[in-house]
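Working notes, beginning with the structure itself.
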Amino acid sequence: MSSNKEQRSAVFVVLFALVTILILYSSSSANEVFHYGSLRGRSHRPVNFKKWDIANAYIPLLGNKTLPSRCHQCVIVTSSSHLLGTKLGPEIERAECTIRMNDAPTTGYAADVGNKTTFRVVAHSSVFRVLRRPQEFVNRTPETVFIFWGPPSKMQKPQGSLVRVIQRAGLAFPGMEAYAVSPGRMQQFDELFRGETGKDREKSHSWLSTGWFTMVIAVELCDHVHVYGMVPPDYCRCGPRGGAGRVPAAPACPADPSLRPSQRPRLQRMPYHYYEPKGPDECVTYIQNEHSRKGNHHRFITEKRVFSSWAQLYGITFSHPAWA
């Protein structure tokens, strides 16, 4: 009897140890969704998406036009509040081609972000916000080419198709030029993310951001790309951030490495969008999305690390703030 009890006790101890190890492993792996630095081996060869076929990638929604092929020099004007007070408007206006995202307005902000809009890349979730304000987004810059992106289930579903919504808007504005990212190209965007990060987008519960689509489209269409207002990957790791309910940043900081974390400057609160001064904080949004495992989230910081790796390869520069 005692022998059987000892055996059962031994089995229980072993099972308890295994369960404990599994719990510790899962909890530690939940701390960071992406360990980007270890994902790209030396043998990694990035896809040259400058050579992707444009002809069948962007479907005309209004008429039978073809997406304008190339600009020599393009600027991407982000929606970041870092652009406020910069007085960059005249500089942005001089760019050959200017690319904006979603429903970022220029009215009232032209001194800092300019008004010229050659391309506007719009997510499926922003279609109605753009089309409800035609005086801002359609009539104000009638030369604008719209590129709408979204999963086929959102863009082309039989009932409530967003494509039909856009086409009806085109009847009211005959000069409007609009394209949708094709299902095949949407799949290529997913494959590009997996190739660059080693993470399957769906399995890792990740949503690609409009910034991801905009950056790739800009590289496809432009020989040189200058990005205004996008913070570098490590920006949100500068020291603690005060305030109730804030997510603490990691201790690493691009400032003087000789300074202790308590001596490093705190990051001031920056609204996520320049046109929403009372909106969510930029770094809180980035950190929450990067590390959340439940639900689907944008992996903003991971995407910026990919952009950093593309900078020299594709001739991309960043300013306000500048990237090292």
Side-chain angles (χ1 to χ4, degrees), residues 58-63 65-68 71 74-84 86 88-151 154-156 160-181 208-218 221-222 225 227-230 271-279 298:
Y58 302 97
I59 303 169
L61 301 180
L62 307 170
K65 296 181 179 180
T66 302
L67 185 69
C71 294
C74 295
V75 297
I76 295 175
V77 184
T78 69
S79 303
S80 171
S81 61
H82 287 268
L83 295 175
L84 292 176
T86 60
L88 286 167
E91 180 178 323
I92 291 171
E93 288 292 307
R94 291 192 294 270
E96 179 186 358
C97 297
T98 303
I99 306 173
R100 302 181 193 272
M101 291 176 271
N102 292 324
D103 56 329
T106 60
T107 302
Y109 304 96
D112 294 324
V113 303
N115 182 59
K116 180 179 180 180
T117 308
T118 314
F119 298 97
R120 186 175 287 273
V121 182
V122 181
H124 59 93
S125 56
S126 297
V127 169
F128 288 102
R129 290 199 296 272
V130 168
L131 297 182
R132 284 171 181 164
R133 299 175 62 189
Q135 295 305 317
E136 173 66 39
F137 300 112
V138 181
N139 291 345
R140 183 172 173 80
T141 52
E143 74 281 2
T144 300
V145 175
F146 292 89
I147 302 176
F148 296 94
W149 70 269
K154 298 289 185 181
M155 296 297 293
Q156 299 174 344
S161 167
L162 289 177
V163 168
R164 292 181 183 177
V165 171
I166 297 165
Q167 290 172 336
R168 284 197 294 269
L171 295 176
F173 306 100
M176 184 177 175
E177 189 171 351
Y179 301 84
V181 179
L208 297 179
S209 73
T210 300
W212 177 270
F213 286 88
T214 301
M215 187 69 78
V216 177
I217 290 170
L221 299 179
C222 312
V225 179
V227 184
Y228 289 97
M230 183 178 289
Y272 180 56
H273 291 142
Y274 66 75
Y275 51 91
E276 294 179 333
K278 296 183 180 180
H298 295 308

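Predicted, not measured: the structure shown is a model, and the values here were computed from it.
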If we only count heavy atoms from C-beta on, is the [X] to [Y] side-chain gap below 4.5 Å?
| X | Y | result |
| --- | --- | --- |
| Y274 | V113 | yes |
| V145 | Y179 | yes |
| C74 | F119 | no |
| P134 | M176 | no |
| V165 | F128 | yes |

Kindly compute the distance separating [atom1] ([X]) from [atom2] ([Y]), expressed to the nearest 0.5 Å.
| X | Y | atom1 | atom2 | answer |
| --- | --- | --- | --- | --- |
| Y109 | Y275 | OH | OH | 9.5 Å |
| T86 | Y228 | OG1 | OH | 9.0 Å |
| T214 | M230 | OG1 | CE | 8.0 Å |
| M215 | T78 | CE | OG1 | 9.5 Å |
| E96 | C222 | CD | SG | 8.0 Å |
| R100 | T106 | CZ | OG1 | 6.0 Å |

Note to self: Parallel, tilted or perpendicular: which one describes the rings of H124 and W149, with boundaries at 30° and 60°?
What the structure shows: perpendicular

Check: [X] side chain, [Y] main-chain N or O, donor-acceptor pair, under 3.5 Å:
| X | Y | value |
| --- | --- | --- |
| S209 | H298 | no |
| E93 | N115 | yes |
| Y58 | F148 | no |
| K116 | A95 | yes |

Minimum heavy-atom separation for [X] and [Y], please, with both atom names.
| X | Y | answer |
| --- | --- | --- |
| I99 | A218 | CD1-CB, 3.7 Å |
| T118 | C97 | OG1-CA, 3.3 Å |
| S126 | D103 | OG-OD1, 4.4 Å |
| S79 | A104 | OG-CB, 3.5 Å |
| V122 | V127 | CG1-N, 4.0 Å |
| A178 | I166 | CB-CG2, 4.1 Å |

Notebook entry, point to check: Strictly by modelled atom types, are N102 and R129 linked by a side-chain donor-acceptor pair under 3.5 Å?
Noted result: no

